[in-house]
2 protein chains.
Amino acid sequence: MALKHSKQRDAIYDFLKDRKDHPTADVIYEAVRKTEPNISLGTVYRNLSVLKETGMIRTVEVGDGAVHFDADVSNHNHFVCTECGCVEDIEMKSIDKVREIASENFDGKITGFNTYFYGLCSDCLEKSKV
Amino acid sequence: MALKHSKQRDAIYDFLKDRKDHPTADVIYEAVRKTEPNISLGTVYRNLSVLKETGMIRTVEVGDGAVHFDADVSNHNHFVCTECGCVEDIEMKSIDKVREIASENFDGKITGFNTYFYGLCSDCLEKSKV
DNA sequence: ACTAATAAAAGTAACAGTTATCGATATTGA
DNA sequence: TCAATATCGATAACTGTTACTTTTATTAGT
């Protein structure tokens with residue numbers, strides 16, 4: 001019987017799935033509260049970890065202290081703007097090349113990796129030119 | 001007059017600089033307490049952030065909740081063992097290749113990146129073969 | 001449809017890592 | 001040596017997250 005249906009979990013996933021940014025748990029909490037006013041923050045955390053375990057979502061940790069969530073579980077990487085802190089998806093053709101390069105000098109077994117790029121997003125880059 | 005000398009800061013940096021693992025603040029605190037018994041945890045945190053701002057050390061965030069510190073600020077990446085949780089440096093030749101690949105489809109300016117590899121370290125790989 | 005079993009809920013307390021505050025101390029330029 | 005002030009130790013406060021407890025909702029079997 002393992003996993004039961006819950007409308008709170010649906011609401012969380014529904015909110016997350018049409019998003020391109022990568023909201024944190026409390027942003028999700030505030031948003032979902034609009035349709036589920038009685039939802040508890042604990043419920044949000046619990047369901048986010050359930051959704052992660054079942055592979056419906058993934059986490060993105062950009063080093064700002066909080067965990068971000070992403071319903072796009074396809075193979076992609078992330079860019080963090082050092083100016084405004086925004087997080088964007090970044091496409092990388094031939095990303096597997098990275099694993100190859102890394103494996104050259106490593107004795108263990110590399111099963112995966114996450115790359116976080118940083119710099120200026122296109123908006124901040126534009127502003128810095130003025 | 002900006003930055004004054006402090007033996008607490010020296011002790012923290014001295015401890016960190018001969019280390020290849022990447023201790024957390026409280027590991028550093030416990031270690032430095034042996035030579036500076038009265039040092040406060042707040043002092044450790046404060047100095048770690050000062051050392052980071054001055055570029056003497058860098059932070060490594062492997063997703064275990066705590067921030068790790070590394071006195072090796074040269075261009076290198078990190079590997080995290082999914083079995084034992086150890087963190088190792090990983091050398092990457094042709095690292096600039098990665099930036100190139102990433103820049104292909106990105107409008108902003110990429111100034112750097114961190115890659116966190118995960119898998120089995122050589123020790124755990126050895127054990128798993130038995 | 002009813003019921004029993006139990007997953008999941010809300011609400012709240014607890015926790016870990018970190019940051020901020022404050023009076024006392026140590027370092028430094030004059 | 002002295003005044004200015006960065007840093008200190010001690011501790012309180014804050015943030016993100018997890019755990020606990022009682023109540024509610026979902027589901028499988030009749």
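Note on Thr43(B): a base of the nucleic acid sits closer than 4.0 angstrom, heavy atoms only.
Side-chain contact check for Asp10(A) and His5(A): at least one donor-acceptor pair (N or O, by modelled atom type) lies under 3.5 Å.
Nearest-nucleotide mapping onto DNA chain C: of Ile39(A) and Gly65(B), the residue sitting toward the 5' end is Ile39(A). Ranked by how close their nearest DNA chain D nucleotide is to the 5' end, Leu41(B) and Gln8(B) are led by Gln8(B).
In the hydrophobic cluster analysis, where Ile, Leu, Val, Met, Phe, Trp and Tyr join through side-chain heavy atoms closer than 4.5 angstrom, Tyr45(A) is grouped together with Phe69(A).
Residue Ser6(B) places at least one side-chain N or O closer than 4.0 Å to OP1 or OP2 of dC8(D). For Ser40(B), no side-chain nitrogen or oxygen approaches OP1 or OP2 of dA10(D) to under 4.0 Å. Close to dT18(D), at under 4.0 Å from its OP1 or OP2, lies no side-chain N or O of Arg46(A). Residue Tyr45(A) places at least one side-chain N or O closer than 4.0 Å to OP1 or OP2 of dT17(D).
Taking atom CG of residue Asn47(A) and atom P of nucleotide dA10(C), one finds them 9 Å apart after rounding to whole Å. Between the P atom of dG11(C) and the CZ atom of Arg33(A) lies a distance of 10 Å, rounded to the nearest Å. Atom-to-atom, CD of Glu53(A) to P of dA7(C) comes out at 14 Å; the value is rounded to the nearest Å. Between the CG atom of Leu48(B) and the P atom of dG17(C) there is a distance of 14 Å, rounded to whole Å. Taking atom NZ of residue Lys7(B) and atom P of nucleotide dT28(C), one finds them 12 Å apart after rounding to whole Å. Distance Asn38(B) CG to dC8(D) C1': 10 Å, rounded to the nearest Å. If you measure from atom OH of Tyr29(B) to atom P of dC8(D), you get 14 Å, rounded to the nearest angstrom. dT25(C) atom C1' lies 16 Å from atom NE2 of His5(B), rounded to whole Å.
Taking the centre of each ring, Phe113(A) and Phe117(B) come in below the 6.0 Å mark.
The neighbour count for Lys17(A) NZ, taken as heavy atoms of other residues, nucleotides or ligands under 6.0 Å away, is above 12.
For Val67(A), the side-chain atoms get nearest to dT17(D) when compared with the rest of dT17(D), dA8(C), dG17(C).
For the pair Val62(B)/His78(B), no side-chain contact is recorded, criterion being any heavy-atom separation below 4.5 Å from C-beta on.
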